[in-house]
Q: 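There's a structure below that I have some questions on.
In this chain, residues are counted from 1 in sequence order.
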Amino acid sequence: MRSALRQLCTHGIEALRPQKVNNKWRKPAVSPRVAADLRKASIRAGTYGSFDASTGIGWDPLWDAPKAKPIRLTTDTANGETDDIQYVNKGGNYGGIQLTLLRPPKDTKRQRTREARAQKIEALVEKMDEKIEEFRLEKESKKPPPGIEEEFKRYMKGSRY
């Protein structure tokens, strides 16, 4: 288990916040960069929304960067009614990436444009037979008609008189 996960398991959100000790500020136990990595990993693994302190799997949404507006959660009760719970997100992971903004990795340009290149090549292959035939006819039309004059010219070209 990573050191950051151990800190989150033992201290929770306090591991993401700077601490004031003896009138001096200490850095957070888990840096914002490492916290972002852990958060993204939990989103990819599908464990975002809950955190198990015994295994260190998941990410608690309260740890995210604070939002300007409070979050409103609705829960269904046993009576069939819905309860609205409103709370302000007081996270310590400032500058965190919101869940909706998480994009897949960019990849290389070659990987991103692979499908377009394949379609372009397939379209060109369909026209290939026509272009080859056109090229051969054009090349044949450029040749002079066979005859004695052309034979004589060809022989004279090679001679050194």
Side-chain angles (χ1 to χ4, degrees), residues 1-140:
M1 186 181 301
R2 289 174 65 167
S3 171
L5 281 176
R6 279 197 305 273
Q7 296 291 334
L8 284 173
C9 290
T10 56
H11 302 294
I13 195 168
E14 295 301 318
L16 299 170
R17 293 181 175 158
Q19 305 291 323
K20 190 171 188 177
V21 178
N22 297 332
N23 290 332
K24 290 187 180 181
W25 285 98
R26 288 187 183 170
K27 293 180 182 179
V30 179
S31 71
R33 182 185 63 81
V34 173
D37 287 345
L38 293 173
R39 183 178 183 275
K40 288 178 194 176
S42 70
I43 290 171
R44 287 188 188 118
T47 58
Y48 179 84
S50 63
F51 182 72
D52 185 10
S54 61
T55 60
I57 295 175
W59 183 266
D60 191 353
L62 291 174
W63 297 346
D64 288 340
K67 296 176 178 59
K69 297 179 182 176
I71 298 173
R72 182 175 298 278
L73 295 177
T74 57
T75 57
D76 293 331
T77 60
N79 306 355
E81 300 173 3
T82 58
D83 289 338
D84 285 343
I85 303 170
Q86 181 177 356
Y87 66 91
V88 177
N89 191 2
K90 295 185 178 187
N93 184 11
Y94 298 103
I97 298 173
Q98 302 302 325
L99 180 62
T100 57
L101 298 178
L102 187 68
R103 295 182 302 208
K106 188 175 178 182
D107 292 331
T108 61
K109 184 173 181 182
R110 181 179 178 167
Q111 291 170 337
R112 288 192 314 259
T113 59
R114 181 178 179 160
E115 188 64 32
R117 287 185 290 120
Q119 291 173 354
K120 181 180 174 184
I121 290 171
E122 288 173 0
L124 290 174
V125 166
E126 290 175 2
K127 300 176 188 175
M128 181 103 48
D129 291 335
E130 298 168 7
K131 285 188 175 185
I132 290 173
E133 186 63 30
E134 183 181 322
F135 174 77
R136 286 181 179 161
L137 290 174
E138 184 181 327
K139 192 165 185 172
E140 186 68 30

Q: Once you round to the nearest 0.5 Å, how far does OG of Ser42 lie from CG of Asp60?
A: 10.0 Å
Q: Which heavy atom of Leu5 sits nearest a heavy atom of Gly56, and at what distance?
A: CD2-O, 3.3 Å
Q: Surrounding CZ of Arg136 (heavy atoms of other residues, nucleotides or ligands, distance under 6.0 Å), is the total greater than 12?
A: no
Q: To the closest 0.5 Å, what do you measure between CG (Leu137) and NZ (Lys139)?
A: 12.5 Å
Q: How many angstroms lie between atom CZ of Arg117 and atom CZ of Arg112, to the nearest 0.5 angstrom?
A: 11.0 Å
Q: Identify the heavy atoms of Leu38 and Trp59 that sit nearest to each other, and give their distance.
A: CB-CZ3, 4.1 Å
Q: Do you know which two heavy atoms are closest between Phe51 and Cys9, and how far apart they sit?
A: CZ-SG, 3.8 Å
Q: If you count the non-hydrogen atoms of other residues, nucleotides and ligands that lie under 6.0 Å from CZ in Arg110, is the total more than 12?
A: no
Q: Side chain of Thr113, backbone of Ala116: donor and acceptor closer than 3.5 Å?
A: no
Q: So which heavy atom on Gln7 is nearest to which on Val30, and how close?
A: CB-CG2, 3.9 Å
Q: Over all heavy atoms of both residues, which pair between Thr47 and Ile57 is shortest? Give the atoms and the distance, please.
A: CG2-CG2, 3.7 Å
Q: Show the nearest heavy-atom pair for residues Tyr48 and Arg39, with the distance to one decimal.
A: OH-NH2, 3.6 Å
Q: Charged N to carboxylate O under 4.0 angstrom, Arg17 versus Glu14?
A: yes
